[in-house]
Chemist: 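Pasting in a structure now, in structure tokens, and then I'll have a few things to ask.
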Amino acid sequence: MRRFFRKRLPAFLLTLVMVMTMVPAVSARSSADLTYEVDKGDSVSFKEREFRDLYRSEYSGDPSYVVFTDYSDLDDYGYLTAVNYYDKTVSLSESDLRNTWFYYDSRDVPKNMDYALDGLTFEANRRADSGTLRLKFEIYDADGKDYVSCTMDIKVGGGSSKGDITYTVKPGEEVAFDDEDFVNAYDNAGGSGTMKYVVFEKPSSDYSNAGTVYSRYGKRNATSFTRSELDDYKFYYDDSDYGDYDLDELSFVADKSFSDSIEIAFTAYGGRGSKENDSVSGTLKITSSKSASSSKGDITYTVKAGEEVAFDDDDFEKIYENSSCTGSFKYVEFSRPDSAFNDAGTLYSRYGKRNETAFTRSSLSGNKFYYGDSDYGDYDLDELSFVADKSFSGSITLNFTVYGGTGTRTNQNVTGTLVITTDKTGSSTAKGDVTYTVKAGDEAVFDEDDFEKFYSNKCGGSFKYVEFSRPDSAFNNAGTLYSRYGKRNETAFTRSSLSGTTFGYDSYEDADYSLDDLSFVADKSFSGSVELSFTVYGGTGTRTNQNATGTLVITTGTSAGTSRYVGNIRYNTTPGTALQINANDIARLFRKYTSGEALQYLTLTSVPATGSLYYNYYNTSKYGSAQMPLTASTAGNVVFSYSPASASEYDLSELTYIPSGSNYCTSLGFTGYSSNGTTVSATILISVTASPVSEVYSVTTKGTSVNFPANSVYSAVASATGFGLSSIQLLELPASTAGVLYVGSYAADTTSAYSYGNGTDSMGQLRFIPNSKFTGSVSIPYVALSSSGTALGAGVVSIGVVDSVKKFTDISTSTWCYKYVTELASANVISGYSNGTFQEKNTITYGAALKLIMLAAGYGEQAPTVKGSTFSGYLAKAKADGLVSGNPKLNGPITRLQIAQIAAKALKLSTTGLPSKKPFTDTNDVYVQALNAAGIIEGYFSNGTSTYKPNNTLTRGQVSAIVWRMKNSVQ
């Protein structure tokens with residue numbers, strides 16, 4: 001009873017108060033008057049309005065204070081938090097509630113006791129028992145005379161959501177898993193001891209079209225999991241002794257077409273000590289963000305990382321007014337955000353002011369935010385703001401419903417989305433106690449003296465070691481911290497393993513790793529900045545009783561960039577192998593860029609930075625001078641003719657490159673001229689690798705998209721160079737008539753470096769989408785880059801778009817002519833034998849070759865003119881059109897000379913304007929020369945001499961290559 005004396009009641013009321021407290025004015029209800037639900041480890045805020053409404057159900061006016069009378073089970077479930085006179089939040093257990101009042105009007109709170117009712121919150125313990133906490137309380141008037149006895153039930157455990165986790169992801173993007181979500185699911189569902197690892201069940205078939213789960217996505221040792229593989233592994237929390245992959249390094253990369261949602265069942269295992277005798281089942285739900293295509297919602301606010309953005313209630317009022325709702329807008333309710341909200345920032349009412357309130361994911365969805373009139377909600381909508389985390393980047397989405405109507409009715413509502421996105425300039429000025437700047441994809445080496453200086457400015461004695469706190473989840477997508485990166489005993493640190501590890505300064509021997517061996521390797525897509533909190537320890541002698549905390553900021557700064565390579569014409573060679581520049585390649589490029597004009601001559605604008613460039617290297621040419629090195633100072637003074645008219649002119653076909661070293665790219669610049677002065681400037685890219693980089697080929701049916709074969713490209717480069725690539729840069733994109741190459745939801749470009757892996761802007765996100773009616777071949781050349789952004793070599797990815805894939809039993813993807821045979825068979829240009837084989841090594845007959853050449857040149861099918869002679873119709877048509885003379889044996893072999901003559905005539909290639917210098921020493925045939933100039937046939941080059949070998953016969957595979965080039969030259 002002494003609590004009432006603090007109000008200094010008049011003496012004549014004391015007796016009445018005594019009586020009233022012994023005989024309640026209103027008896028308690030049999031069921032709870034107030035009911036709340038809260039997940040373990042989460043919180044729920046009580047509403048002043050609800051206490052007021054309970055009081056007004058019996059009396060008029062406003063209540064004065066609330067007293068809890070039965071709270072004996074509180075400590076089993078959690079504790080209360082409340083705000084005192086000084087605006088500080090205080091935690092209250094059972095013992096603290098004795099003789100404690102909670103004032104309805106916060107101005108009545110005395111200095112040294114009691115609390116405001118506004119801000120009263122229940123915090124559930126993470127390891128609380130599931131069940132219902134019942135609290136009894138009384139609501140009093142100012143004189144302690146009138147009161148209402150009530151009960152409150154708080155249901156702890158989350159009900160049907162036990163063990164469930166939900167993530168939201170945009171189509172084509174990545175969402176990182178947070179191991180703490182699984183720990184919370186384990187704890188909330190009643191798991192005992194500590195969670196140790198998670199096992200996923202095999203997903204449904206929907207998973208195949210939704211996306212892919214990865215470990216270390218976009219980083220070294222990235223691993224993807226198919227449906228059948230995902231349930232084969234244990235994903236450990238904290239300690240690798242309990243599994244195969246770190247749970248905190250998992251992420252899901254959504255397919256670009258992903259919509260709706262998928263569910264993956266999981267079981268979280270744990271227990272006490274080394275025992276794994278407890279388990280909890282749950283469901284991971286991954287749903288597609290409706291705002292996937294952009295970062296704009298019905299309302300959009302932009303905020304710098306670490307700063308505040310205030311809400312404007314008029315923005316919400318406009319949403320209501322623009323809808324079909326009638327009456328006046330009254331209040332807003334927000335849906336519970338997904339887990340990404342935890343790492344983005346915090347929503348506040350009256351941020352930085354008296355009665356400031358922070359909202360958790362759970363408490364946000366339990367409140368009404370009123371517009372204008374406080375009778376319609378719990379907090380003023382115009383006092384809301386969002387304070388972004390210092391590492392916040394990208395955007396988050398909050399779903400809301402605005403309510404209104406006429407009078408006191410709120411029967412009109414409309415839903416919307418609020419998007420909060422980062423200002424891209426927000427983190428550019430990030431600065432910590434120690435700050436390092438790193439380019440995306442590069443390494444930043446730590447300097448232990450930076451930490452020593454920080455210690456010396458803060459503490460006494462000698463600096464000994466550093467410990468880092470566990471970073472937030474943004475660190476996963478920024479890069480990786482290493483000890484001895486790229487050296488023997490290299491160690492990579494996850495978020496979990498980083499905390500609890502000591503890094504010693506200088507000669508301090510008791511640390512786990514040397515501080516001076518630390519470095520940060522930024523992800524290829526890293527931008528902005530990340531922060532690491534650290535503590536420096538030191539003291540005198542062996543004592544480390546001096547310490548100070550600080551912040552390490554790693555930022556991309558303003559100097560981050562990527563290398564860019566250009567190659568309009570591309571060649572590949574190996575160490576020790578001379579490369580002859582093909583004048584016809586330059587002439588064709590010139591015609592392409594000038595819509596048909598003829599190249600007359602060119603001058604060099606640059607020479608290779610590595611290796612040597614020569615004119616007349618073999619000293620066998622009758623044009624120009626004897627062997628002459630071409631240097632940066634001399635090359636620009638020489639004019640190279642495509643078709644030299646006299647011996648004094650320099651022959652363009654006599655340019656030879658001699659490599660020096662291996663696994664690099666170098667370039668040769670030139671400007672070509674036509675006879676009327678038209679110019680074209682371009683670059684020749686030369687790739688030198690230990691062995692040739694194999695072409696990577698994929699085939700898809702018409703109208704069907706195909707993923708960029710990232711793993712095959714990686715293998716091709718590794719086999720050729722002996723090194724693993726870090727990223728690639730594309731040199732040329734598919735023609736718009738063929739389709740579009742996308743990275744995620746955007747068109748790819750030739751300036752970005754796409755990292756190996758499947759993160760944002762990575763090789764794994766590249767996808768070619770052919771135009772619906774297109775069939776043919778697409779080439780995507782690329783340069784493979786090391787982790788420092790320098791070229792290892794160049795290669796090409798080819799994609800065949802066909803009506804259908806026709807297979808032969810003796811032709812596989814490893815057969816050298818697979819591309820040619822597959823595409824020509826789909827186009828009904830070639831066919832195999834009746835037993836299902838193609839037999840590419842068989843010598844082709846004249847008749848079969850004639851048919852293939854004519855079909856590739858655009859001729860139609862020709863019916864036999866002689867009974868029993870399959871190819872007689874083709875021969876008759878070829879004679880009529882002047883492609884063939886005489887009476888060749890259709891069942892006999894065909895020579896390389898004959899096939900060149902037929903093909904050049906069938907394609908109607910011009911035999912005028914060809915270079916004066918013949919390309920081959922063993923034939924002067926103009927049709928051979930014309931077909932060579934068109935890039936359809938090649939010869940044999942050795943020690944400065946090119947031969948065609950006109951009398952050699954050809955195999956079915958060799959002819960398929962010639963016919964494929966013919967067909968693609970006329971498309």
Side-chain angles (χ1 to χ4, degrees), residues 179-180 194 196 216 219-221 236-243 245-249 274 391 431-438 442-476 478-523 529-555 787:
D179 54 7
E180 294 298 333
T194 303
K196 294 180 170 60
R216 294 181 58 79
K219 300 174 183 165
R220 181 182 289 191
N221 299 324
Y236 60 83
Y237 173 71
D238 201 21
D239 190 344
S240 61
D241 288 343
Y242 292 107
Y245 295 91
D246 190 340
L247 180 60
D248 206 37
E249 291 185 336
S274 60
S391 61
K431 185 170 179 60
D433 299 298
V434 178
T435 302
Y436 295 128
T437 301
V438 62
D442 280 3
E443 177 189 17
V445 178
F446 289 17
D447 187 339
E448 59 181 7
D449 289 334
D450 294 331
F451 295 86
E452 197 277 335
K453 289 175 185 176
F454 175 77
Y455 179 86
S456 298
N457 291 332
K458 300 283 185 179
C459 306
S462 299
F463 170 44
K464 292 181 169 58
Y465 64 90
V466 169
E467 284 188 353
F468 293 93
S469 301
R470 176 181 167 122
D472 63 29
S473 59
F475 186 78
N476 285 337
T480 305
L481 204 64
Y482 288 90
S483 173
R484 297 182 57 79
Y485 176 69
K487 303 173 184 175
R488 185 172 184 175
N489 298 325
E490 172 192 291
T491 302
F493 300 97
T494 64
R495 288 170 59 206
S496 298
S497 64
L498 182 61
S499 60
T501 302
T502 56
F503 300 92
Y505 172 72
D506 196 19
S507 58
Y508 186 72
E509 297 178 352
D510 292 335
D512 303 307
Y513 297 89
S514 172
L515 178 59
D516 213 32
D517 284 337
L518 274 188
S519 64
F520 175 82
V521 179
D523 208 57
S529 62
V530 291
E531 291 187 4
L532 290 172
S533 298
F534 64 83
T535 304
V536 289
Y537 293 87
T540 305
T542 59
R543 301 178 66 187
T544 54
N545 56 352
Q546 296 286 312
N547 63 77
T549 59
T551 302
L552 164 66
V553 170
I554 303 173
T555 178
S787 59

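Model, not experiment: these values are computed from the prediction. Quick note: numbers below take in every heavy atom, side chains included, and nothing from hydrogens, waters or symmetry partners.
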Chemist: Quick one, Phe463 and Leu515 - any side-chain contact, counting heavy atoms below 4.5 Å?
Modeler: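 With C-beta onward as the side chain, the pair touches.
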Chemist: I'd like to check Tyr242 versus Thr194 (side-chain heavy atoms, cut-off strictly below 4.5 Å). Are they in contact?
Modeler: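 SC-SC contact between Tyr242 and Thr194 ruled out.
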Chemist: Taking atom OG1 of Thr435 and atom CD1 of Ile554, what is their separation to the nearest 0.5 Å?
Modeler: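 Nearest 0.5 Å value for the OG1-CD1 distance: 9.5 Å.
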Chemist: When the ring planes of Tyr465 and Tyr508 are compared, do they come out parallel, tilted or perpendicular, using 30° and 60° as the limits?
Modeler: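 Tyr465 vs Tyr508 ring planes: parallel.
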Chemist: Are Tyr513 and Leu518 packed together at the side-chain level, in the sense that at least one heavy-atom pair is separated by less than 4.5 angstrom?
Modeler: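 A side-chain contact is absent here, since even the closest heavy-atom pair is not under 4.5 Å.
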Chemist: Walk me through it: do Glu467 and Asn547 pass the test side-chain contact (heavy atoms from CB on, under 4.5 Å)?
Modeler: CA-CA 10 Å; Glu467 284 188 353; Asn547 63 77; over 6 Å; no
Chemist: Please name all residues satisfying salt bridge (charged side-chain N to carboxylate O under 4.0 Å, His left out) with Asp246, sequence neighbours left out, ordered by chain then number.
Modeler: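 For Asp246, no residue satisfies salt bridge (charged side-chain N to carboxylate O under 4.0 Å, His left out) once neighbours in sequence are set aside.
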Chemist: Short question: side chain of Thr501, backbone of Ser497 - any donor-acceptor pair under 3.5 Å?
Modeler: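 Yes, Thr501 side chain to Ser497 backbone: donor-acceptor pair under 3.5 Å.
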Chemist: Output, in order, the C-alpha distance, side-chain angles, deciding distance and verdict of ring-ring contact (aromatic ring centres under 6.0 Å, His included) for Phe534 and Phe454.
Modeler: CA-CA 11 Å; Phe534 64 83; Phe454 175 77; 5.3 Å; yes
Chemist: For residues Lys464 and Gly539, report the shortest heavy-atom separation together with the two atoms involved.
Modeler: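 Closest approach of Lys464 to Gly539, heavy atoms only: NZ-O, 3.1 Å.
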Chemist: Between the main-chain N or O of Asp506 and the side-chain N or O of Glu448, is there a donor-acceptor pair closer than 3.5 Å?
Modeler: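 Present.
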Chemist: Can you see which heavy atom on Glu443 is nearest to which on Ser519, and at what distance?
Modeler: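 Nearest pair, atom of Glu443 first, then Ser519: OE2-OG, 2.8 Å.
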Chemist: Using modelled atom types only, decide if a donor and an acceptor are shared between the side chain of Asp523 and the backbone of Ala478 within a distance under 3.5 Å.
Modeler: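 It does not hold such a pair.
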Chemist: How close do Val553 and Glu531 get, counting heavy atoms only, and between which atoms?
Modeler: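 It is CG2-CG, 3.7 Å.
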Chemist: Which value, rounded to the nearest 0.5 Å, describes the distance between Asp238 atom CG and Asp179 atom CG?
Modeler: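 The distance works out to 8.0 Å.
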Chemist: Are side-chain heavy atoms of Asp248 and Thr494 found at a separation under 4.5 Å?
Modeler: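 Heavy-atom side-chain distance check fails, nothing below 4.5 Å.
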Chemist: Can you name the nearest heavy-atom pair linking Thr480 to Arg216, along with the distance?
Modeler: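 Thr480 and Arg216 have their closest heavy atoms at OG1-NH2, 3.7 Å.
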Chemist: Would you call Tyr237 and Glu180 a side-chain contact if the rule is heavy atoms closer than 4.5 Å?
Modeler: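 Of all side-chain heavy-atom pairs linking Glu180 with Tyr237, at least one is under 4.5 Å.
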Chemist: Show your reasoning for whether ring-ring contact (aromatic ring centres under 6.0 Å, His included) applies to Phe446 and Tyr436.
Modeler: CA-CA 8 Å; Phe446 289 17; Tyr436 295 128; 5.2 Å; yes
Chemist: So do Leu532 and Phe475 actually touch side chain to side chain, heavy atoms under 4.5 Å?
Modeler: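 Phe475 vs Leu532: side chains touch.
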Chemist: Has the side chain of Thr502 got a donor or acceptor atom that lies under 3.5 Å from a matching backbone atom of Asp512?
Modeler: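 Answer holds: yes.
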Chemist: Can you name the side chain to side chain donor-acceptor pair (under 3.5 Å) partners of Asp449, sequence neighbours left out?
Modeler: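 If we apply the side chain to side chain donor-acceptor pair (under 3.5 Å) test to Asp449, skipping adjacent residues, the hits are Tyr505.
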Chemist: Report yes or no: does Arg495 contribute a side-chain atom to a donor-acceptor pair with the main-chain N or O of Pro471 at less than 3.5 Å?
Modeler: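 Yes, Arg495 side chain to Pro471 backbone: donor-acceptor pair under 3.5 Å.
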Chemist: Step by step, work out the side-chain contact (heavy atoms from CB on, under 4.5 Å) result for Phe503 and Phe493.
Modeler: CA-CA 12 Å; Phe503 300 92; Phe493 300 97; 3.7 Å; yes
Chemist: Please name the pair of heavy atoms, one in Ala511 and one in Gly504, separated by the smallest distance, quoted to 0.1 Å.
Modeler: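 Looking at all heavy atoms of both residues, the closest pair is CB-N, 3.2 Å.
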